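Here the structure is a predicted model, which means the values were calculated and not measured.
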Amino acid sequence: MTAETDAGHASIRPVVDPHGLSISGALDRAAAPLLTRALAWAVRSGTGDIHLDLGGVTFIDVAAVRLIARTATELPTPRRLIADPLTRPASRLLHLLGWRLGPDRNLYVPLNGHDPPCLDLYGGRPITPHDPAR
């Protein structure tokens, strides 16, 4: 499963070791169906953690981040979604949405302020998650 969007803006290919996906290009509206299918494949085809190599991502929109976050939160325990490496645009968007990567590179989505302390994506300082609704 190696695929590109019609315009060739995004490329997603499976990775065997570690299990997951290597993603490059722009994750925009045109790439949404491709990203949806690829994440579904990654969930179905493995039983362990899912690693996302986002090092080649040049643009990521909110819908793509939400899809990745939803995939992470819907994984059964003890499976995790690990994003490594993560580009600066993706880091900025996660930060703006109040989401964080932990020191273990796991994605943490704030839920009523009850998430574990995470690593600040900008300074590498431990932070205490907050409820973004406050």
Show which side-chain atoms of residues 50-60 pair as donor or acceptor with protein atoms under 3.5 Å away, not counting sequence neighbours.
from	atom 1	to	atom 2	distance (Å)
Asp53	OD1	Gly55	N	2.9
Thr58	OG1	Gly25	O	3.3

> So how far is it from His9 NE2 to Leu27 CG, rounded to the nearest 0.5 Å?
Replying inline: 12.0 Å
> Are the side chain of Arg79 and the backbone of Gly48 linked by a donor-acceptor contact shorter than 3.5 Å?
Replying inline: yes
> What are the two closest heavy atoms between Pro33 and Ala30, and how far apart are they?
Replying inline: CD-O, 3.6 Å
> Quick check: are there more than 12 heavy atoms from other residues, nucleotides or ligands sitting under 6.0 Å from CZ of Arg66?
Replying inline: no
> Is a side-chain donor or acceptor of Arg29 paired with a backbone partner of Ala63 at a separation under 3.5 angstrom?
Replying inline: no
>> With a 4.5 Å cut-off on side-chain heavy-atom distances among I, L, V, M, F, W and Y, is there a chain of contacts connecting Val43 to Val15?
In response: no
> Should Leu67 and Val62 be regarded as members of a common hydrophobic cluster, given that ILVMFWY residues are connected when their side-chain heavy atoms come within less than 4.5 Å of each other, either directly or indirectly?
Replying inline: yes
>> Please say yes or no: joined through hydrophobic side-chain contacts below 4.5 Å, possibly via intermediate residues, are Leu39 and Leu75 part of one cluster?
In response: yes
> Which heavy-atom pair separates Ile12 from Ala38 by the least distance, and what is that distance?
Replying inline: CG2-CB, 3.6 Å
> Closest approach of Ala42 and His19, non-hydrogen atoms and distance?
Replying inline: O-NE2, 2.8 Å
> Got a second to check how far Leu35's CG is from Ile23's CD1, nearest 0.5 Å?
Replying inline: 5.5 Å
> If every non-hydrogen atom of Ala31 is compared with every non-hydrogen atom of Ala10, which pair is closest and at what distance?
Replying inline: CB-CB, 3.8 Å
> Which atom names give the shortest non-hydrogen contact between Trp41 and Gly20, and what distance separates them?
Replying inline: CZ3-O, 3.8 Å
